[in-house]
Amino acid sequence: MEEPNFDLKKILVGVDNSDDAQKAFKCAIKLAQATKAQLLIVTVLEKHDMNVYEVLDDDFIHGKREDVEQHVQEYVQFAKNAGVQDVQGIISEGNPSETIVEDVIPKYHPDLLIIGSLDIKGPKKIFGSQAAAMAKHSPISVLVVR
């Protein structure tokens, strides 16, 4: 039996404003500190949450993107203040599970993806559809935090 590779050099954590994403972020910080791994913090601007008029309005999209950029920089600064040496923020657009699995992971080559178990908009306390899709389709190991 082949031994799994647990030599973590890059940890990718997906963040939004959900409580579970905050737990995943804190877990990622602890793991990055312990392993001296680079911490990649990703958030995805979801255009499907916008109506057609908002999507077509460049000023609206620009403002939304600026909000997301500021939010990611706050996460980056928090991680640095917590003692993580190498931190990078990543902003992408699209469906979170598809974008992270198909675009972000191949581009940045992390060793581990850490995500919260619940969707931010999920009205029920169940395993989020985004988390389930990432866990199922990710080419790397996924740690789902509750």
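We count residues from 1, following the sequence as given.
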Where is the tightest heavy-atom contact between A79 and I41, given as atom of each residue plus distance? CB-CD1, 4.4 Å
Name all pairs fulfilling the ring-ring contact (aromatic ring centres under 6.0 Å, His included) condition that reach into residues 16-43, sequence neighbours left out, sorted by first residue then second. F25-Y75, F25-F78
For L40 and P110, which heavy atoms make the closest approach, and how far apart are they? CD1-CB, 4.4 Å
What's the separation between atom CD in Q70 and atom CD1 in I91, rounded to the nearest 0.5 Å? 10.5 Å
Out of curiosity, L143 CG to C27 SG, how far, rounded to the nearest 0.5 Å? 5.0 Å
Shortest non-hydrogen separation from I115 to G14 and the atoms involved: CG2-N, 4.4 Å
Looking at side-chain heavy atoms only, is the closest gap between L113 and V104 below 4.5 Å? no
Taking all heavy atoms of A24 and all of I114, pick out the closest pair and write down the distance. O-CG2, 3.6 Å
At what distance, to the nearest 0.5 angstrom, does NE2 of H137 lie from CD of E102? 9.0 Å
Would you say Q85's side chain and A37's backbone share a donor-acceptor pair under 3.5 angstrom? no
Any heavy-atom pair between the side chains of N17 and H71 that's under 4.5 Å? yes
In Å, rounded to the nearest 0.5 Å, how long is the span from CE of M134 to CD of E98? 10.5 Å
Would you name the heavy atoms of D20 and S117 that are closest together and state the gap between them? OD2-OG, 2.6 Å
The reported gap from NZ in K36 to CG in D86 (rounded to nearest 0.5 angstrom) is 12.5 Å
Please list, chain by chain and in numerical order, all residues satisfying side-chain hydrogen bond (donor to acceptor under 3.5 Å, both in side chains) with Q77, sequence neighbours excluded. N81
Apply the side-chain contact (heavy atoms from CB on, under 4.5 Å) test between I29 and each candidate in I11, V13, L39; give the one that qualifies. L39
How about Q33 and K30: do any of their side-chain heavy atoms sit closer than 4.5 Å? yes
State, with a plain yes or no, whether a side-chain heavy atom of I105 is found less than 4.5 Å away from one of I100. yes
For residues D16 and S18, is any side-chain donor paired with an opposing acceptor at under 3.5 Å? yes
If you look at every heavy atom in Q38 and Q88, which pair is closest and at what distance? NE2-OE1, 3.6 Å
For K80, enumerate each residue passing the side-chain hydrogen bond (donor to acceptor under 3.5 Å, both in side chains) test, keeping only those at least two apart in sequence or located in another chain. none
Is there a donor-acceptor contact under 3.5 Å from the side chain of D111 to the main chain of K10? yes
After noting the C-alpha distance and the side-chain angles of N95 and Q130, does the key distance pass the side-chain contact (heavy atoms from CB on, under 4.5 Å) rule? CA-CA 9 Å; N95 174 288; Q130 297 292 337; 3.3 Å; yes
For a 4.5 angstrom cut-off between non-hydrogen side-chain atoms, does Y108 reach I90? yes
